[in-house]
Amino acid sequence: MIDLIFPDGSKREFEPGVTGRDVAASIAPSLAKRAILVKLDGELLDVERPLERGGRFEILDRNAPEALETIRHDVSHILAEAVQELFPGTQVTIGPAIEDGFYYDFARDEPFSLDDLARIEQRMKEIVDRDEPIRREVWNRQEAIAHFRSIGEEYKAQIIEGIPGEEPITVYRQGQWKDLCRGPHLPSTKAAGKAFKLTKLAGAYWRGDSNNPMLQRIYGTAWASEADLEAYLKRVEEAEKRDHRKIGRQMDLFHMQEEGRGMVFWHEKGLTLWRTVEAYMRRRLADAGYVEVRTPQVLDRVFWEKSGHWENYRPNMFVCETVEGEELALKPMNCPGHIQIFSFGQKSYRDLPLRMAEFGACHRYEPSGALHGLMRVRAFTQDDAHIFCREDQIVDEVASFIELATSIHEDFGLVRDHITLGTRPNPRAGTDAFWDMAEAQLLDAARKAGVEPVVAEGDGAFYAPKLDFQLKDAIGRSWTCGTIQNDYVLPDRLGAEFVGEDGQKHKPVMLHRAILGSFERFLGVLIENYAGAFPLWLSPVQVVVATITSDADDFALKAAARLRAAGLRVETDLRNEKINYKIREHSLAKTPVIAVVGRREAEEGKVALRRLGSDGQQILGLDEACNVLALEALPPDIARGRGHDAATVGTAAGGEVG
RNA sequence: GCCGCCAUAGCUCAGCCGGUAGAGCGGCGCAUUCGUAAUGCGUAGGUCGGGUGUUCGAGUCACCCUGGCGGCACCA
């Protein structure tokens with residue numbers, strides 16, 4: 001007999017070979033009907049799977065969180081079945097569940113069309129209606145390989161060949177159709193439900209390797225209920241509205257054009273945003289003990305040969321030849337330049353840690369297909385810095401960096417989800433012993449800062465492991481911003497050294513670190529995080545003074561001048577338009593504050609402040625308005641320095657009027 | 001770079017099976033001076049990303065190039 005322990009703690013005995021469905025039926029017939037999966041000691045199993053051992057046991061219906069992944073996986077199989085019915089001769093490969101949905105990769109000479117997608121989706125729904133039972137079978141390895149080969153499924157045969165010897169080869173039958181799969185699966189196609197939708201068509205390399213043939217991938221989304229599906233589609237729509245490329249155009253922040261792929265034309269408002277962020281970063285870095293430097297944009301090929309970049313990254317560098325025959329390259333990164341400054345003259349251990357920052361403009365020839373708005377560009381400015389330190393200073397430096405970065409990210413409304421530790425990749429420089437040590441240092445430092453990193457196997461740079469910050473924005477999407485790497489290789493390669501207490505020369509360790517990543521990308525993230533409705537301190541235009549009638553023009557100009565004198569970024573709108581029209585226009589332009597001035601305000605020397613997103617007004621005397629807004633527009637670091645909490649400042653003074 | 005899709009006024013988009021381009025918003029002009037999310041009327045903008053071909057005739061079909069988008073690969 002086997003013992004099953006239920007979630008309520010009760011324990012019951014069953015015959016070995018009993019199925020999850022039998023167990024459910026012994027509790028209640030309705031439960032047997034609803035059951036789509038069972039969990040035995042944390043492992044998900046088919047409900048029809050005979051149980052050979054006991055353990056902690058749970059019966060899951062389709063609303064269980066764990067069921068969703070299986071539903072998605074099943075829908076991907078239904079997709080594959082539909083495709084093979086409609087397009088005989090198409091080979092199936094793999095089709096996993098992913099975040100929000102699933103995909104399936106097919107090998108077929110003819111490309112699928114968008115129209116095909118609609119047909120396939122229709123057929124998938126028919127397959128669900130057919131209620132085909134899904135059953136697990138264990139096959140003999142050699143027979144399985146021979147079988148899949150014989151039916152022309154070369155990819156499946158290859159997959160089986162790659163499965164470790166001790167693992168059983170399982171095949172799931174789904175009506176007439178079958179697929180190699182580890183499982184688990186739902187009891188029938190009907191259990192998958194119809195809350196799914198095919199979303200996109202894409203190419204994808206077999207086994208993720210660009211040397212392999214390209215397969216056709218069909219993506220879909222699948223949910224436990226129609227309501228969830230609709231909510232998801234709505235979320236996607238909301239995210240599209242925040243697209244920084246769209247908002248960048250609407251708000252006149254920047255543009256890009258054909259002749260400069262991956263290069264940004266920053267317009268006045270976009271540059272204002274940039275400079276605001278830059279000024280903030282300068283203050284934060286200065287407070288944290290960094291010095292700022294600037295290194296050459298273009299350096300001789302010989303320099304990059306020494307640094308090793310020529311050898312490793314030549315195809316991705318912008319290179320030019322001069323009339324005198326020199327070969328020069330635009331810098332793809334700042335580190336070698338910083339080492340030159342470090343090595344200029346002699347450095348003592350007393351100089352360490354030396355934190356050297358540069359808002360460094362770099363150029364990298366990124367593959368054309370990688371370019372994406374501001375997120376991936378060919379010319380970008382990093383908020384770069386290198387901390388030269390002794391080995392025993394690494395942990396402290398990394399830990400305080402984590403604190404600094406966290407504080408900065410939060411000032412921009414981004415909350416940390418987690419930090420990843422990218423470990424040794426392949427290929428890589430250095431011995432395993434080196435990597436053991438370097439990875440341990442980062443782990444120690446993270447823990448010292450109170451963070452337990454999530455390990456991302458093989459995600460490190462080739463010369464060093466790294467910590468990456470994963471942030472969440474206002475609508476829950478995650479972004480990677482900020483990184484730190486402990487590099488022993490480059491300082492050695494470029495001969496950086498310092499004189500230690502012992503009078504001997506030592507090699508410093510170099511911590512490469514960025515908090516924003518690049519200004520381009522970070523501003524893109526900010527635009528999407530705030531959907532263009534920036535907090536007052538960041539907003540390119542902070543106040544628009546809008547008149548109701550031309551009688552108020554003079555006062556409006558005076559008010560604008562005073563607000564500017566108080567340090568605010570102000571525009572005026574004296575056009576002969578109705579106030580409704582102006583309010584609408586400036587609200588759509590995401591202006592945080594509209595200062596309305598009519599005859600009444602002009603006579604009384606007041607302004608009526610209207611905040612974006614609220615329809616109330618705050619009528620204040622001009623002086624008071626200047627004070628309130630200037631205080632409110634303080635960057636968060638300065639507000640903290642003055643003992644103000646930016647979030648609550650400005651709401652205290654003045655009366656609300658409907 | 002690879003696979004697929006797309007490319008029409010400043011913006012968003014319509015233009016069916018080929019017969020020489022439309023709308024809304026925006027712009028400009030005139031009128032309106034009107035208290036917190038769109039005042040009315042009028043008017044000017046495109047030869048349809050570039051090229052080749054098919055055709056009596058192409059925005060509309062085919063092919064090539066360029067670029068954009070969605071993925072894949074890449075991301076020091």
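The sequence lines fix the lettering, A, B, ..., with proteins before strands; numbering per chain opens at 1.
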Can you pull out every salt bridge (Lys or Arg N to Asp or Glu O under 4.0 Å) where at least one residue sits in residues 199-216 of chain A? Sequence neighbours excluded, please. none
Passing candidate, side-chain hydrogen bond (donor to acceptor under 3.5 Å, both in side chains) with A/His386, options A/Gln485, A/His512, A/Arg513, A/Glu358: A/His512
Hey, does A/Tyr219 reach any base, or is it just sugar-phosphate, or nothing, if we go heavy atoms under 4.0 Å? sugar-phosphate
Determine the Euclidean distance between corresponding P atoms of B/C25 and B/G42; express it in Å to zero decimal places. 13 Å
Between the protein and nucleotides 6-14 of chain B, list the N/O to N/O atom pairs that are separated by less than 3.5 angstrom.
from	atom 1	to	atom 2	distance (Å)
B/C11	O3'	A/Arg249	NH1	3.4
B/U12	OP1	A/Arg249	NH1	3.1

Suppose you measure atom C1' in B/U39 against the same atom in B/C5; what distance do you get, rounded to whole Å? 43 Å
P-based separation of B/A7 from B/C13 [nearest Å]: 11 Å
Near-strand residues of residues 200-212 of chain A, defined as heavy-atom separation under 4.0 angstrom from RNA chain B: A/Lys200, A/Leu201, A/Ala202, A/Gly203, A/Ala204, A/Tyr205, A/Gly208, A/Ser210
In whole Å, what separates the C1' atom of B/G18 from that of B/C61? 8 Å
For residues A/Arg611 and A/Gln617, is any side-chain donor paired with an opposing acceptor at under 3.5 Å? no
Got a sec, which residues hit salt bridge (charged side-chain N to carboxylate O under 4.0 Å, His left out) with A/Lys466, two or more places apart in sequence or on another chain? A/Asp468
Confirm from the modelled atom types if A/Arg599 and B/C34 form a donor-acceptor pair under 3.5 Å, side chain to base only. no
Dot-bracket for RNA chain B, 5' to 3', counting Watson-Crick or G-U wobble pairs under 3.5 Å, with [ ] for crossing pairs and | for inter-strand pairs? (((((((..((((.....[..)))).(((((.......))))).....(((((..]....))))))))))))....
Would you please name every residue forming a salt bridge (charged side-chain N to carboxylate O under 4.0 Å, His left out) with A/Glu268, sequence neighbours left out? none
Using OP1 and OP2 only, check whether a side-chain N or O of A/Arg376 sits under 4.0 Å from B/G71. no
Classify the ring geometry of A/Phe342 against A/Phe388: parallel below 30°, tilted from 30° to 60°, perpendicular beyond 60°. parallel
Of all residues at least two apart in sequence or in a different chain, which pass the salt bridge (charged side-chain N to carboxylate O under 4.0 Å, His left out) check with A/Asp115? none
Mind checking whether A/His77 and A/His73 have parallel, tilted or perpendicular rings, split at 30° and 60°? perpendicular
Please find the pair of heavy atoms, one from A/Val92 and one from A/Tyr155, that lie closest to each other, and give the distance. O-CB, 4.0 Å
For atom P, what is the distance between B/U43 and B/G49, given to the nearest Å? 28 Å
Output a table of nitrogen or oxygen pairs between the protein and nucleotides 64-66 of chain B separated by less than 3.5 Å.
from	atom 1	to	atom 2	distance (Å)
B/U66	O2'	A/Glu258	OE1	3.0

Considering only heavy atoms, which members of residues 581-590 of chain A lie under 4.0 Å from some atom of RNA chain B? A/Tyr581, A/Ile583, A/Arg584, A/Ser587, A/Leu588
Tell me what A/Tyr463 touches on the nucleic acid: a base, only sugar-phosphate, or nothing, going by heavy atoms under 4.0 Å. sugar-phosphate
Just one of A/Arg245, A/Lys246, A/Lys241 clears the side-chain hydrogen bond (donor to acceptor under 3.5 Å, both in side chains) bar with A/Asp243, so which one? A/Arg245
For A/Arg575, is there any backbone N or O sitting under 3.5 Å from a side-chain donor or acceptor partner on A/Lys582? yes
With rounding to the closest Å, how many angstrom separate the C1' atoms on B/A58 and B/G24? 27 Å
Flag this pair as yes if the NZ/CZ of A/Arg217 is under 6.0 angstrom from the six-membered ring centre of A/Tyr103 and inside a 45 degree cone about the axis; otherwise no. yes
Check this one for me: any side-chain N or O of A/His372 less than 4.0 Å away from OP1 or OP2 of B/G71? no
Can you tell me if A/Arg217 touches the phosphate of B/G4, counting only side-chain N or O atoms and a distance under 4.0 Å to OP1 or OP2? no
Which residues within residues 302-317 of chain A lie with some heavy atom under 4.0 Å of an atom in RNA chain B? A/His309, A/Tyr313, A/Asn316
Carboxylate-amine/guanidinium proximity below 4.0 Å for A/Arg599 and A/Glu603: no
Scan the side chains in residues 308-317 of chain A for donor-acceptor partners under 3.5 Å anywhere in the protein, sequence neighbours excluded, and list what turns up.
from	atom 1	to	atom 2	distance (Å)
A/His309	ND1	A/Ser307	OG	2.6
A/Asn312	ND2	A/Gly308	O	3.2

Between A/Gln470 and A/Ser478, is a side-chain hydrogen bond (donor to acceptor under 3.5 Å, both in side chains) present by the stated rule, with each step listed? CA-CA 6 Å; A/Gln470 309 290 335; A/Ser478 54; 5.4 Å; no
Of the candidate nucleotides B/C75, B/C69, B/C34, which contains the atom at the shortest distance from the side chain of A/Lys578? B/C34
From B/C2, B/A37, B/C75, pick the nucleotide closest to the side chain of A/Met214? B/C2
For A/Phe401 and A/Ala514, the nearest pair of non-hydrogen atoms, with its separation, is CZ-O, 3.5 Å
Aromatic plane relationship, A/Trp266 with A/Phe254 - under 30° parallel, 30 to 60° tilted, over 60° perpendicular: tilted
Which is true for A/Pro111 with a 4.0 Å heavy-atom rule: it touches a base, it touches only sugar-phosphate, or it touches nothing? sugar-phosphate
Taking atom C1' in both B/C48 and B/C6, compute the distance separating them and give it to the nearest angstrom. 15 Å
Whether A/Arg72 engages the ring of A/Trp223 as a cation-pi pair (distance to the six-membered ring centre under 6.0 angstrom, angle to the ring normal within 45°) should be assessed. yes
Residue pairs involving residues 539-548 of chain A (criterion salt bridge (Lys or Arg N to Asp or Glu O under 4.0 Å); sequence neighbours excluded): none
Nearest of B/A76, B/U33, B/G1 to any side-chain atom of A/Pro367? B/G1
Quantified in whole Å, what is the C1' atom distance between nucleotide B/U12 and nucleotide B/G46? 15 Å
Syn-anti status, with the boundary at 90° from 0, for the nucleotide B/G45: syn
Give the minimum heavy-atom separation between A/Pro592 and A/Val541, together with the two atoms involved. CD-O, 3.2 Å
5′-ward residue of the pair A/Gln216/A/Gly262 relative to RNA chain B: A/Gln216
